[in-house]
Amino acid sequence: MGLRLHNTLSRRSEDFHPLEAGRVGVYGCGPTVYGPAHIGNFRAFLFYDLVHRYLEWKGYQVRFVMNFTDVDDKTIQAALDDGVSLQAYTDPWIDRILEEADVLGIRRFDLHPRATDYVEEMLELVQRLLDRGLAYTTEDGSVFYDISAFPAYGQLSGRDLDQARTGERVSADEYGKDDVRDFAVWKGVKQEDEEVGAAWDAPWGRGRPGWHLECSAMALAEVGETLDLHIGGEDLIFPHHEDEIAQSEGATGQPFARYWLHVKHLRVEGRKMSKSLGNFITVGQLLDEGVFPAAIRHQLLSSQYRSELNFTRDGLEASTRAVKRLLAFEDRIREHPVAPDAPPTSLLALSDEATEGFTRAMDDDLNSAGGLAALFVFVNRVNAVLDEVPALDPGERDRAIRVLESLDSVLGLLEVGRRSRIVDASLREWVEERIRARTSARDRKDWGAADTIRDELAERGIVLEDGAGGTRWKWEEDAG
RNA sequence: GGCGCCGUGGCCAAGUGGUAAGGCAGAGGACUGCAAAUCCUCUAUCCCCGGUUCGAAUCCGGGCGGCGCCUCCA
């Protein structure tokens, strides 16, 4: 059984088959870079990362693009407030978001285009819409998409156009639209736009691109006329994605995206979070507080992407413990003795079961919670085996390690968790010398001396664990 | 008002017709000089009511409760 995805277009789970066998083109809507990205943004990015990793794990050749929206009302306003150019304002935010993504183990996608680098493509797109009679210009140099000319409008969000409320809270006449539901593909220039360098010449008048147009242009240019997958937050279904469809299909005559995936919003400590409410927490804040990056990753993956996720401090602690357990397990199996004549165990069967269970869960609309469960079942079972046998067959052990690595190449928990354990060589030598001294004290049953050394190490945040194979040490914050 | 989602043990979270995965926390036990780590065992009938069915957490109806989108937003 293969991958099935819940397609927003049909509101059902469908078998996933890319247009071209073996190759997948994906476009994920990135953030508007007018400030730090919050944890909610990262739920989405981390989901993109999961899609990216899982598709590759399944053997697809993936082309994955996630944009940055660096020109819109908010970025312009923010640049204006700071008295700098648009680019000078947005650059640092883009860098910061990428850095935080790195910390969480979100692998870079194939391309991270920024809207302002695609103005040429946008101009072409607008021209095509005008040529096809799908858009009209207004006196101030704006261009609007004529929704009445695109009958399929509303198919993604499932809304009845005639029912749409008109007028209220929308500055309908701001740019001189024919119909309030029409949306801007190009906005006539304003003084503020010029001040921050957010204005470009166009045949129909100087101005700047509309938000929805940006994504259409980047997706068409960098992924192709028909995307296999288009991903975004649930809030983007309407109007953003609806408008992208209208523009893209209006211009190309081809289906824009075959499968649409939408990530549910998360909550923080039980409350809704949004930029406009100002109660967002950022990854930077969490890291400053000493939160284990892998724990953030774990919590964000601990529920399926279409279900609500409540991001909490308690949850973070639970996730920290869970990840540490995984790290301890990895150490344990890697260090477990092997012997050529070791009797066979159930490791091979357990390895197969883990891979099957993981695949079953992930194939079912990317159920990362189920995937995680499959991994932990594996941990429990293998631990039990390691308790039983003093030595493993080398082939069996390697197989189990490979499965662990394989599942983690998608989940990324060990990958991120391991990073916080890097130590320099001289420190390692000193610690190991102290451990040897303690071991000889213990051999003499000089418990006083042994405990003194343990305390000495503890003062430096190092925790010792005595096991059958000798004494191991860890950083206190990494210990269980 | 329109469209939609959810309600599983103390907390988090899978499971969509065949008798409840997993994580965290808790209890008891094994191991240990002490400890840590690890392992073993234990703790749920799935918001309520009614219906369909041999059989439902899973389907249908009603109720109660939480939430999202409809406007910039992942």
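Naming: A, B, ... by sequence-line order, numbering from 1 per chain.
- With no hydrogens or angles considered, a side-chain donor-acceptor pair links A/S142 and A/D140 at under 3.5 Å.
- A donor-acceptor pair under 3.5 Å is formed between the side chain of A/R43 and the backbone N or O of A/K264.
- Atom CG in A/D243 sits roughly 13 Å away from atom C1' in B/rC70 (whole-Å rounding).
- Using N1 to N3 plus N6-O4 or O6-N4 for Watson-Crick, or N1-O2 and O6-N3 for G-U wobble, each under 3.5 Å, B/rA44 pairs with nothing.
- Rounded to a whole angstrom, the distance from the C1' atom of B/rC5 to that of B/rG9 is 24 Å.
- Taking the nucleotide of RNA chain B with the nearest heavy atom to each of A/R43 and A/R306, the more 5' of the two is matched to A/R306.
- One C1' atom belongs to B/rG29, the other to B/rG65, and the distance between them is 42 Å to the nearest Å.
- Salt bridge annotation for A/D451-A/R454: present, with a cationic side-chain nitrogen under 4.0 angstrom from a carboxylate oxygen.
- You'll find that the side chain of A/R332 is closest to B/rU38, out of B/rG15, B/rU38, B/rC5.
- Counting only residues at least two apart or in different chains, salt bridge (charged side-chain N to carboxylate O under 4.0 Å, His left out) contacts with residues 295-310 of chain A comprise A/D49-A/R297, A/R267-A/E308, A/R306-A/D365.
- Salt-bridge formation is detected for the pair A/K187/A/D73: a Lys NZ or Arg NE/NH1/NH2 atom is positioned less than 4.0 Å from an Asp or Glu carboxylate oxygen.
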Could you go through nucleotides 31-35 of chain B and list every protein N or O atom that sits under 3.5 Å from one of its N or O atoms, giving the distance for each pair?
from	atom 1	to	atom 2	distance (Å)
B/rG33	O6	A/R438	NH2	3.4
B/rG33	N1	A/D451	OD1	3.2
B/rG33	N2	A/D451	OD2	2.9
B/rC34	O2	A/R454	NH2	2.7
B/rC34	N3	A/R454	NH1	3.3
B/rC34	N3	A/R454	NH2	3.4
B/rC34	N4	A/D466	OD2	3.1
B/rA35	N6	A/D466	O	3.0
B/rA35	N1	A/D466	N	3.0
B/rA35	N3	A/R454	NH1	3.4

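- Using the Watson-Crick or G-U wobble rule with both distances under 3.5 Å, B/rA57 pairs with nothing in any strand shown.
- Put simply, A/N367 has no side-chain N or O that comes within less than 4.0 Å of OP1 or OP2 on B/rA13.
- Between A/R4 atom CZ and B/rU16 atom P there is a gap of 12 Å when expressed in whole angstrom units.
- Stacking annotation: A/H38 is not stacked on the base of B/rA74 (requires ring centroids less than 5.5 angstrom apart and an interplanar angle below 30 degrees).
- Rounding to the nearest 0.5 Å places CZ of A/F45 at 15.0 Å from NE2 of A/H52.
- Going from atom CD1 of A/I237 over to atom P of B/rC69 covers 11 Å, rounded to whole Å.
- Ranking B/rA74, B/rC67, B/rU38 by closeness to the A/L266 side chain, first place goes to B/rA74.
- Across all strands shown, A/Q304 has heavy atoms under 4.0 Å from sugar-phosphate atoms exclusively, and none from any base.
- Of the N and O atoms on the side chains of A/R114 and A/T90, at least one donor lies less than 3.5 Å from an acceptor on the other residue.
- The partner of B/rC72 cannot be assigned: no Watson-Crick or G-U wobble pair with both contacts below 3.5 Å exists in any strand.
- Distance A/L156 CG to B/rC69 P: 16 Å, rounded to the nearest Å.
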(request) Using a 4.0 Å cut-off on protein heavy atoms (strictly under), produce a 5'-to-3' string for nucleotides 18-29 of chain B with B for base contact, S for backbone-only sugar-phosphate contact, and - for none. (result) ---BSSSS----
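- Close to B/rA74, at under 4.0 Å from its OP1 or OP2, lies no side-chain N or O of A/K272.
- Taking the P atom of each, B/rG33 and B/rU41 are spaced 25 Å apart, rounded to whole Å.
- The same atom, P, is picked in B/rC64 and in B/rA25; the two are 39 Å apart, to the nearest Å.
- Nucleotides B/rU58 and B/rC47, compared at atom P, are 8 Å apart to the nearest Å.
- The P atoms of B/rU45 and B/rU53 are separated by 27 Å, rounded to the nearest whole Å.
- Distance check on atom P: B/rC3 versus B/rA44 gives 42 Å, rounded to whole Å.
- B/rA21: no Watson-Crick or G-U partner with both key distances under 3.5 Å is found in any strand.
- Side-chain proximity of A/N383 to the nucleotides B/rU38, B/rC5, B/rC67 is greatest for B/rU38.
- Pair check for B/rG4 finds B/rC67; Watson-Crick or G-U wobble, both atom distances under 3.5 Å.
- Here B/rA37 sits opposite no nucleotide as a Watson-Crick or G-U wobble pair (both hydrogen-bonding atom distances under 3.5 Å).
- Across all strands shown, A/L375 has no heavy atoms under 4.0 Å from either base or sugar-phosphate atoms.
- Whole-Å rounding puts the A/H6 NE2 to B/rC6 C1' distance at 14 Å.
- B/rC3 atom C1' lies 13 Å from atom CD of A/E234, rounded to whole Å.
- Atom NZ in A/K264 sits about 16 Å away from atom P in B/rG66, given to the nearest Å.
- No hydrogens or angles considered: nothing links the side chains of A/Y89 and A/D70 as a donor-acceptor pair under 3.5 Å.
- Between A/R107 and A/E415 there is no salt bridge, since none of the side-chain N atoms of the basic residue sits less than 4.0 Å from a carboxylate O of the acidic one.
- In summary, the side chains of A/T75 and A/D72 do present a donor paired with an acceptor at a separation below 3.5 Å, with no hydrogens or angles considered.
- Look at A/D331 and A/R418 and you find no salt bridge, because none of the NZ, NE, NH1 or NH2 atoms lies under 4.0 Å from a carboxylate O.
- A straight line from CD of A/E214 to P of B/rA74 spans 12 Å, rounded to a whole angstrom.
- Between A/S307 and B/rA14 there is a side-chain polar atom (N or O) within less than 4.0 angstrom of OP1 or OP2.
- Not one N or O on the side chain of A/D15 forms a donor-acceptor pair closer than 3.5 Å with the backbone of A/R4.
- Around the CZ atom of A/R444, the shell of radius 6.0 Å holds more than 12 heavy atoms that belong to other residues, nucleotides or ligands.
- The nearest heavy atom of RNA chain B to A/D387 and to A/V263 marks one nucleotide each, and the one closer to the 5' end goes with A/D387.
- Residue contacts for A/T312: at a heavy-atom cut-off of 4.0 Å it reaches no nucleic acid atom on any strand shown.
- The same atom, C1', is picked in B/rG26 and in B/rC11; the two are 12 Å apart, to the nearest Å.
- Counting non-hydrogen atoms under 4.0 angstrom, A/G232 reaches the backbone sugars and phosphates but no base.
- Each of B/rA74, B/rU38, B/rG68 was ranked by its minimum atom distance to the side chain of A/A328; first place goes to B/rU38.
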